[in-house]
Trainee: 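I have a structure I would like to understand better, so I am pasting it below and will then ask my questions one at a time.
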Amino acid sequence: MRVFIVLIFCVYYSIGVNAKTGHLVEGERDELDLIAEDDVLLNNNPHLNSVDGLGDSHEDVCAHHHCGAGKECVVNELNKPTCACVKKCLPEKDERRKVCSNHNETWDSYCEVYRMRCLCKEDSEECSRRKYRHVHVEYYGACRELQECSEEELADFPRRMREWLFNVMQDLVQHHELKGYYAKLEKEAEKSISRKWVNAVIWKFCDLDTHPEDRAVSRHELFPLRAPLVVMEHCISTFLNQCDANNDKMITLTEWGVCLGLEENEILDKCAAVRRKH
Ligand SMILES: *[C@@H]1O[C@H](CO)[C@@H](O)[C@H](O)[C@H]1NC(C)=O
């Protein structure tokens with residue numbers, strides 16, 4: 001359990017917090033583009049960026065132009081920044097950079113997967129298989145045989161997840177990463193046992209629901225939560241899939257709350273308040 005908390009906490013730090021700096025891309029609104037542009041792994045990690053000798057002027061024009069996963073900013077003839085498929089990803093020797101796709105194929109890096117996806121969407125000759133139009137990273141690390149999630153483990157999962165969410169929330173407040181309304185929710189949770197899980201569960205939903213902010217969480221919006229956990233927490237995928245009770249590929253606040261074991265009267269939409277005060 002301890003490992004679980006620590007790991008997820010790190011993950012939250014590396015991905016979740018950075019999501020607050022989000023800018024929306026213009027033009028094509030592929031959900032994945034929206035997710036990935038916030039992804040600290042793409043923006044701040046030199047290993048995952050493309051190999052491109054960028055001159056100063058290029059950097060100026062492109063400085064505030066964010067591109068989605070597998071894309072990079074290029075300057076067009078009008079000296080305007082636009083997004084294009086990454087020309088070449090940094091060659092990756094490090095095993096730990098490998099990722100496993102939804103086709104259960106191991107790729108060298110996150111960059112390679114989304115570069116291919118981009119090329120295939122553009123019908124480029126470099127697209128090696130049509131199915132890669134829909135390729136995405138399922139989890140970090142090479143593909144492996146994942147342990148099956150037993151019924152008992154799955155039954156216990158909501159409890160573990162609630163506890164973890166509360167711990168993450170608490171840690172974020174202690175590190176001053178959660179302020180204002182969020183922090184108030186956390187204080188309220190600390191004071192009352194009955195609010196404890198409830199506030200943490202609702203906060204996490206609001207936190208995930210950003211691309212777009214529509215009170216429903218898609219598979220892509222779940223990515224930052226799921227991908228880093230799949231290997232260590234083998235029930236997470238099964239659990240999240242079953243949260244989508246009506247199987248429409250979107251998890252509503254009600255579905256999320258029920259899935260995490262809240263009572264119906266506890267599932268209140270607090271997201272609007274969260275954002276207004278933010
Ligand atoms: C995915 O690939 C790994 C490694 O090649 C293999 O061990 C595993 O059984 C595969 N999983 C599925 C569901 O096919």
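All heavy atoms count here, side chains included; hydrogens, waters and symmetry mates do not. First listed ligand is number 1; within each ligand, the first listed atom is number 1.
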Trainee: Can you pull every nitrogen or oxygen pair between ligand 1 and the protein closer than 3.5 angstrom?
Mentor:
from     : atom 1 : to     : atom 2 : distance (Å)
ligand 1 : 2 (O)  : Asn104 : OD1    : 3.3
ligand 1 : 2 (O)  : Asn104 : ND2    : 2.5
ligand 1 : 11 (N) : Asn104 : ND2    : 2.8
ligand 1 : 14 (O) : Asn104 : ND2    : 3.2

Trainee: Would you call Arg129-Glu105 a salt bridge at under 4.0 Å N-O?
Mentor: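 A salt bridge is present here (some side-chain N lies under 4.0 Å from a carboxylate O).
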
Trainee: Please list, chain by chain and in numerical order, all residues satisfying ring pair (Phe, Tyr, Trp, His ring centres under 6.0 Å) with Phe239, sequence neighbours excluded.
Mentor: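 By the ring pair (Phe, Tyr, Trp, His ring centres under 6.0 Å) rule, Phe239 matches Phe157.
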
Trainee: Is it true that atom CD of Gln174 has more than 12 heavy atoms of other residues, nucleotides or ligands lying nearer than 6.0 Å?
Mentor: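 Counting neighbours around CD of Gln174, more than 12 heavy atoms of other residues, nucleotides or ligands fall under 6.0 Å, so yes.
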
Trainee: I need the full list of side chain to side chain donor-acceptor pair (under 3.5 Å) pairs touching residues 234-243, with sequence neighbours left out, sorted by first then second residue.
Mentor: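 Sorted result for residues 234-243: Glu153-His234.
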
Trainee: Just wondering, more than 12 heavy atoms not from Lys80 lying within 6.0 Å of its NZ?
Mentor: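 Atom NZ in Lys80 is not packed in, count stays at 12 or less.
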
Trainee: List in chain and number order the residues that pass ring pair (Phe, Tyr, Trp, His ring centres under 6.0 Å) with His103, two or more places apart in sequence or in another chain; answer none if no residue qualifies.
Mentor: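 Counting only residues at least two positions away or on another chain, His103 forms a ring pair (Phe, Tyr, Trp, His ring centres under 6.0 Å) with Tyr132.
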
